[in-house]
Amino acid sequence: MGLKTSRRVLLSGTPIQNDLTEYYSLLHFVNPGMLGSTAEFRKQFENPILRGQDANSTDTEREKAAERLQELAALVNRCMIRRTSALLTKYLPVKFEMVVCVRMTAVQTALYKSFLQSDTIRRSVMEKSASKASLTALSNITSLKKLCNHPDLVYDKIQERADGFENAASILPDNYSPRELRPELGAKLMLLDCMLASIKTNTTDKIVLVSNYTQTLDLFEKLCRKRGYGYVRLDGTMTIKKRGKVVDEFNKPDSKDFIFMLSSKAGGCGLNLIGANRLVMFDPDWNPANDEQAMARVWRDGQKKPCFIYRLLATGTIEEKIFQRQTHKKALSTTVVDNAEDGERHFTQDDLKDLFKLDEQTRSDTHDIFRCKRCTNGVQMKLPPDDSDCMSDLVHWYHCANNKGIPDDILSKSWDITGCVSFVFHHRSNSAVVEQQIAEQKRQQALAAKELQEDGEK
């Protein structure tokens, strides 16, 4: 705000990543005073809008939120131009997105339950000091997220008998050693292993593997060496100069590298990896913008093949809770930034705070929270709306409790072979636009044929 300027322009694809205060900060910088002080903005707009977004909100609160949204939009639209990625669907091949819920292995489940039932973890959850509780919770959340990926990632803590892992050593199989990778001990890695084998055997496709943890990239490297796959890895240790060379080499059609491993923190933005047309987002981030950016690496200008994006979540675990938090933030962004008439309300604040639980019975905790009216006893009875696509709310995607109707043979076969997939949400890039393109092509062809016929008659 100290910059003395007569004009100010900001460019952002994600005006809201976490909360409305971020949105206020951008607008206040461009147009100082337009929305009042931070306190005034919160009282006038943020608080009533957030109350209206809650699944337990009353009709009165929702009406007030709608009024405040209209008022905010009228102010903001005077100084903001909004363009979404829907524009790209005219120029890019079709994209299929799949959110895959994967049930943890018996070893992972036993370790997860042991961690949650530990006296140390129970005490930390009940911690009265907010600062102490926050620090401890962050550490515990990280441990659970790593455990969802593979037991190897928490092996050091198990050896140290760290908080939550005091009795974990007895759960591990005999002769367990992290030096020898055993994909079958981690459900998501086992599924990935099966999918990679199928892609390599049955297609000429290449794939990008993305994780928030470099430790997980280490696992991917072990898997590649074990199976003999060619790969490249990009994380924070790689220099900027070398990145460009690695990317260019991978994108060449004759490149022998089958897999591109990517740290979402180091390479989630900006890279054009059109040499691959499949991408696996191995674990979720709290910030939906980070995941959205990382998943856009292959569906970019120059891509010629249909793209397949897989988001893996450990069923009934903290990963689903993180994903639900993402959904909540995206709904807020859609409502406020894109002026959607009525955003979906699936989650209460209590749902999102309920992190330290494991639901072993559910096919998908996220689908349960939707209270989906289109599915009965795990069967989708009604198709999504015709105008829905990958950008729509998850409730308007296709819901699958079995592999019938999955738009990707690789995932469908791997579901059968591994038996660890419990539920899949899937959709494609704006199908209406794709169908319009096909219809337009047919119309142009018909016109051309008619003109030829008329010319012939003349």
Side-chain angles (χ1 to χ4, degrees), residues 101-127 132-193 209-226 233 235 261 263-265 282-286 312-322 354-360 365 418 420 422:
C101 298
V102 187
R103 202 179 298 285
M104 289 193 298
T105 62
V107 171
Q108 281 179 299
T109 302
L111 287 169
Y112 202 99
K113 288 167 70 176
S114 173
F115 185 88
L116 294 181
Q117 291 165 5
S118 155
D119 289 339
T120 312
I121 302 307
R122 284 181 177 178
R123 281 198 299 272
S124 71
V125 172
M126 301 300 290
E127 180 67 63
K132 281 186 181 179
S134 297
L135 286 170
T136 311
L138 281 172
S139 174
N140 294 340
I141 286 167
T142 302
S143 295
L144 287 177
K145 286 177 71 179
K146 289 184 175 181
L147 178 53
C148 288
N149 281 356
H150 197 277
D152 280 8
L153 300 189
V154 293
Y155 184 69
D156 288 347
K157 292 203 170 188
I158 292 174
Q159 277 193 312
E160 296 165 8
R161 297 176 62 85
D163 290 351
F165 294 104
E166 295 88 350
N167 305 312
S170 60
I171 297 170
L172 294 175
D174 295 336
N175 304 319
Y176 179 92
S177 170
R179 292 178 184 175
E180 177 62 32
L181 179 65
R182 296 172 63 179
E184 69 276 8
L185 295 182
K188 290 196 294 181
L189 195 65
M190 177 170 63
L191 177 66
L192 177 64
D193 189 20
L209 305 182
V210 187
S211 175
N212 289 298
Y213 302 107
T214 53
Q215 280 179 284
T216 310
L217 300 189
D218 295 340
L219 286 187
F220 295 160
E221 283 201 71
K222 285 183 181 179
L223 182 63
C224 287
R225 288 195 292 269
K226 190 181 181 82
R233 169 174 172 164
D235 58 28
M261 299 174 194
S263 161
S264 60
K265 299 290 189 292
F282 201 73
D283 40 51
D285 187 86
W286 289 102
L312 306 187
L313 305 172
T315 304
T317 68
I318 194 166
E319 287 197 335
E320 280 210 76
K321 296 297 182 186
I322 292 170
D354 193 16
L355 295 175
F356 295 96
K357 281 188 177 179
L358 172 64
D359 189 344
E360 294 181 75
D365 181 56
T418 62
C420 62
S422 61

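Because only heavy atoms are used, hydrogens play no part in the values below, and waters and symmetry mates are left out as well, while side chains stay in.
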Next item on the list: Evaluate whether atom NZ of Lys226 has more than 12 neighbouring non-hydrogen atoms of other residues, nucleotides or ligands under 6.0 angstrom away.
Entry: yes

Notebook entry, point to check: Does a side-chain heavy-atom distance below 4.5 Å link Ile141 with Leu144?
Noted result: no

Next item on the list: Answer whether the closest heavy-atom distance between the side chains of Leu153 and Asp218 falls below 4.5 Å.
Entry: no

Check: Under the 3.5 angstrom rule, does the side chain of Glu160 hit a backbone N or O of Ile158 as a donor-acceptor pair?
Finding: no

Item checked: Stepwise side chain to side chain contact (heavy atoms under 4.5 Å, CB included) check, Leu189 with Leu181 -> CA-CA 10 Å; Leu189 195 65; Leu181 179 65; 3.8 Å; yes

Next item on the list: Determine the sole option in Asn149, Asp283, Thr105 for which the side chain to side chain donor-acceptor pair (under 3.5 Å) test with Lys188 is passed.
Entry: Asn149

Item checked: Distance, nearest 0.5 Å, that separates CG of Leu147 from OG1 of Thr317 -> 9.0 Å

Note to self: Rounded to the nearest 0.5 Å, what separates atom CG in Leu313 from atom CD1 in Ile322?
What the structure shows: 9.0 Å

Notebook entry, point to check: Got a donor-acceptor contact below 3.5 angstrom from the Ser118 side chain to the Ser114 backbone?
Noted result: no

Notebook entry, point to check: Taking NZ, NE, NH1 and NH2 as the nitrogens, is one of them in Asp235 or Arg233 under 4.0 Å from a carboxylate oxygen of the other?
Noted result: yes

Next item on the list: Drop me the distance from Ser177's OG to Asp152's CG, to the nearest 0.5 angstrom.
Entry: 8.0 Å

Checklist line | Test item: Lys265 side-chain N/O and Thr214 main-chain N/O as donor-acceptor pair under 3.5 Å | finding: no

Note to self: Can you confirm if the aromatic rings of Tyr213 and Phe282 lie within a centre distance of less than 6.0 Å?
What the structure shows: no

Next item on the list: Any chance you could measure Glu320, atom CD, to Thr315, atom OG1, to the nearest 0.5 Å?
Entry: 5.5 Å

Next item on the list: List the atom of Pro284, the atom of Asn212, and the distance in Å for their closest heavy-atom pair.
Entry: O-ND2, 3.4 Å

Next item on the list: First locate atom CG of Leu219, then atom OG of Ser211, and finally report the distance between them rounded to the nearest 0.5 Å.
Entry: 8.5 Å

Note to self: Measuring only between side-chain heavy atoms, which start at C-beta, is Met104 closer than 4.5 Å to Leu111?
What the structure shows: no

Next item on the list: State the CG-CG distance between Leu217 and Leu209, to the nearest 0.5 angstrom.
Entry: 8.5 Å

Next item on the list: Compare every heavy atom of Tyr112 with every heavy atom of Ile318, then report the nearest pair and how far apart it is.
Entry: N-OH, 2.9 Å

Next item on the list: With the side chain counted from C-beta on, respond yes when Tyr176 and Leu185 share a heavy-atom pair under 4.5 Å apart, and no when they do not.
Entry: yes

Item checked: salt bridge (charged side-chain N to carboxylate O under 4.0 Å, His left out) between Lys145 and Asp285, worked out -> CA-CA 10 Å; Lys145 286 177 71 179; Asp285 187 86; 5.4 Å; no

Notebook entry, point to check: Under 3.5 Å, side chain of Ser422 to main-chain N/O of Cys101, donor-acceptor pair present?
Noted result: yes

Check: Do the side chains of Lys157 and Lys146 get nearer than 4.5 Å, heavy atoms only?
Finding: no

Checklist line | Asp174 versus Arg182, closest heavy-atom pair with distance | finding: O-NH1, 4.2 Å

Note to self: Could you report the tightest heavy-atom contact between Cys420 and Ala187, atom names first, then the distance?
What the structure shows: SG-O, 3.9 Å

Notebook entry, point to check: Is there a donor-acceptor pair under 3.5 Å between the side chain of Gln108 and the backbone N or O of Cys148?
Noted result: yes

